[in-house]
Amino acid sequence: MSKKVLVCGGGGFIGGHLVKKLKSEGFWVRVCDLKHNEFSPSPADEFVVGDLTDPVVCREVVKGIEEIYQLAADMGGAGYIFTGNNDAAVMYNSATINLNLAEASRLAGVKKIFYSSSACMYPEHNQMDPDNPKCSEESAYPAAPDSEYGWEKLFSERLYLAYNRNHGIQVRVARFHNIFGPEGTWTGGKEKAPAALCRKVAATEEGGTIELWGDGKQTRSFLHVEDCCDAVRLLMESDFSGPVNIGSEEMISINDLARLVMDIAGKHVIIKNIPGPTGVRGRNSDNTLIREKLGWEPKYNLRQGLEKTYPWIATQVAKQLETVS
Ligand code: NAD
């Protein structure tokens with residue numbers, strides 16, 4: 001009989017891709033999310049629309065489940081996380097989900113939980129130099145994340161690891177670094193840089209101007225969602241708990257990312273850098289540990305990942321323009 005797994009947040013971007021992967025591998029999959037997937041129907045065997053901040057919902061959805069992938073979180077791009085306006089909601093909602101789920105899993109005898117943490121939990125002071133950020137796993141402490149979103153991730157990493165030590169639930173913790181790809185949020189304020197840039201380039205005429213937050217010299221690395229899901233599965237099947245980075249080491253400045261998108265789109269637009277929330281100056285995944293423990297490397301480089309993503313976003317932009325006109 002196929003193994004029964006629960007994907008919390010399976011109605012979202014990464015969770016949605018992970019559900020497809022798990023189904024293709026033969027798992028029986030239940031999803032719990034506040035909403036259905038926006039862009040394509042979920043192949044899940046059961047889709048529970050429910051709020052995981054409610055302990056009763058958590059107790060219901062873990063019934064009969066052997067393993068959990070916990071990706072549900074109140075999150076968004078820089079416009080949501082770094083303005084400070086949503087700090088209380090981000091901390092309350094995400095911490096409550098994780099507290100409820102850990103306890104419900106203990107009570108139900110769930111064997112293993114994967115938890116999706118974030119590179120946002122790394123100390124701000126190690127990410128001030130855009131050319132030389134430090135994000136190796138052991139650099140997490142002394143802790144000093146630059147956002148409440150990062151603090152909550154750090155708390156929940158520790159929560160699951162404590163449940164492992166005290167209650168014997170197996171735990172796998174990954175720190176995702178900027179995941180992107182088709183069927184991700186591309187508009188509305190919660191989208192991340194690659195999606196926002198693809199949208200801006202797609203929506204602007206040749207020779208037009210796009211506005212980018214910050215001086216454009218801030219650096220990041222971006223990992224295609226297919227690579228992310230492969231690494232999650234590899235980690236889950238391994239005997240390594242983590243926390244471990246899942247990201248790309250191909251660091252790029254935001255202005256150069258915009259130029260790469262233009263190149264893929266075959267279009268030139270002018271970049272205007274404007275003040276706005278940007279987060280840390282530099283961030284790059286350090287894959288030394290995941291290479292050593294799991295032998296994992298991403299299969300797509302940034303250009304290849306964007307080549308798979310830009311056409312999807314350009315299609316969404318075109319559809320939206322059709323609706324408006
Ligand atoms: P997403 O917003 O698309 O998915 C999160 C899902 O959680 C959403 O579908 C949302 O409806 C659901 N959710 C939120 N609150 C809920 C609740 N109370 N009850 C039930 N469901 C709830 O985000 P994503 O990009 O797919 O991210 C998945 C996970 O990976 C998150 O935990 C996020 O913090 C983490 N992460 C993502 C990135 C990235 O670049 N996308 C980077 C680092 C970490």
Side-chain angles (χ1 to χ4, degrees), residues 6-20 30-39 42 44 47-58 60-62 68-78 80-81 86 89-101 104 113-122 135 145 147-157 160 173-196 220-225 227-229 231-232 243-248 279 283 285 305 309:
L6 168 67
V7 181
C8 299
F13 167 49
I14 305 172
H17 283 272
L18 188 61
V19 169
K20 286 180 185 157
R30 178 183 295 149
V31 166
C32 180
D33 200 298
L34 289 172
K35 58 163 186 68
H36 283 278
N37 299 82
E38 216 177 321
F39 305 108
S42 175
F47 199 112
V48 179
V49 175
D51 185 345
L52 293 160
T53 61
D54 180 346
V56 178
V57 171
C58 285
E60 277 302 311
V61 295
V62 300
I68 298 178
Y69 294 83
Q70 178 1 34
L71 293 101
D74 190 3
M75 64 161 310
Y80 188 74
I81 288 174
N86 308 296
V90 165
M91 294 195 97
Y92 178 85
N93 290 332
S94 296
T96 307
I97 292 170
N98 288 309
L99 286 162
N100 286 342
L101 205 64
I113 304 182
F114 167 84
Y115 174 58
S116 55
S117 181
S118 163
C120 287
M121 45 62 61
Y122 283 115
C135 291
S147 65
E148 302 301 358
Y149 169 76
W151 278 107
E152 190 283 326
K153 288 291 185 192
L154 203 55
F155 165 78
S156 292
E157 284 188 3
Y160 287 110
V173 178
R175 295 170 178 161
F176 292 164
H177 288 246
N178 289 310
I179 313 302
F180 75 101
E183 305 201 349
T185 305
W186 59 277
T187 188
K190 285 193 171 188
E191 67 280 13
K192 302 285 186 66
R220 292 292 185 277
S221 67
F222 303 95
L223 181 73
H224 191 267
V225 65
D227 277 321
C228 173
C229 292
V232 168
V244 67
N245 291 329
I246 292 183
S248 153
R283 176 171 291 151
S285 185
T309 308

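Order of appearance sets the numbers: ligands from 1, and atoms from 1 within every ligand. Because the structure is a prediction, the values reported are computed rather than measured. Sequence positions, counted from 1, serve as the residue numbers for this chain.
Using a 4.5 Å cut-off on side-chain heavy atoms (C-beta onward), Asp54 and Asn100 make no contact. Lys20 places a side-chain heavy atom less than 4.5 Å from the side chain of Glu183.
Qualifying side chain to side chain contact (heavy atoms under 4.5 Å, CB included) partners for Ser94, counting only residues two or more places apart in sequence or in other chains: Ala73, Asp74, Glu152. In terms of the ring-ring contact (aromatic ring centres under 6.0 Å, His included) criterion, Phe222 has no residue partners (sequence neighbours excluded). The salt bridge (Lys or Arg N to Asp or Glu O under 4.0 Å) test applied to Arg30 returns Glu46, not counting sequence neighbours.
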Between ligand 1 and the protein, which N/O pairs are shorter than 3.5 Å?
residue: ligand 1; atom: 3 (O); partner: Phe13; partner atom: N; Å: 2.8
residue: ligand 1; atom: 9 (O); partner: Gly12; partner atom: N; Å: 3.1
residue: ligand 1; atom: 9 (O); partner: Asp33; partner atom: OD1; Å: 3.2
residue: ligand 1; atom: 9 (O); partner: Asp33; partner atom: OD2; Å: 2.7
residue: ligand 1; atom: 9 (O); partner: Lys35; partner atom: NZ; Å: 3.4
residue: ligand 1; atom: 11 (O); partner: Asp33; partner atom: OD1; Å: 2.6
residue: ligand 1; atom: 18 (N); partner: Asp51; partner atom: OD1; Å: 2.8
residue: ligand 1; atom: 19 (N); partner: Leu52; partner atom: N; Å: 2.9
residue: ligand 1; atom: 21 (N); partner: Leu34; partner atom: N; Å: 3.3
residue: ligand 1; atom: 26 (O); partner: Phe13; partner atom: N; Å: 3.3
residue: ligand 1; atom: 26 (O); partner: Ile14; partner atom: N; Å: 2.8
residue: ligand 1; atom: 32 (O); partner: Leu71; partner atom: O; Å: 3.0
residue: ligand 1; atom: 32 (O); partner: Ser116; partner atom: OG; Å: 3.2
residue: ligand 1; atom: 32 (O); partner: Lys153; partner atom: NZ; Å: 3.0
residue: ligand 1; atom: 34 (O); partner: Tyr149; partner atom: OH; Å: 2.6
residue: ligand 1; atom: 34 (O); partner: Lys153; partner atom: NZ; Å: 2.9
residue: ligand 1; atom: 40 (O); partner: Ile179; partner atom: N; Å: 2.7
residue: ligand 1; atom: 40 (O); partner: Lys192; partner atom: NZ; Å: 2.8
residue: ligand 1; atom: 41 (N); partner: Lys192; partner atom: NZ; Å: 3.4

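Ring-plane geometry between Tyr69 and Phe114 is classed as tilted, the angle between the planes lying from 30 to 60 degrees on a 0 to 90 degree scale.
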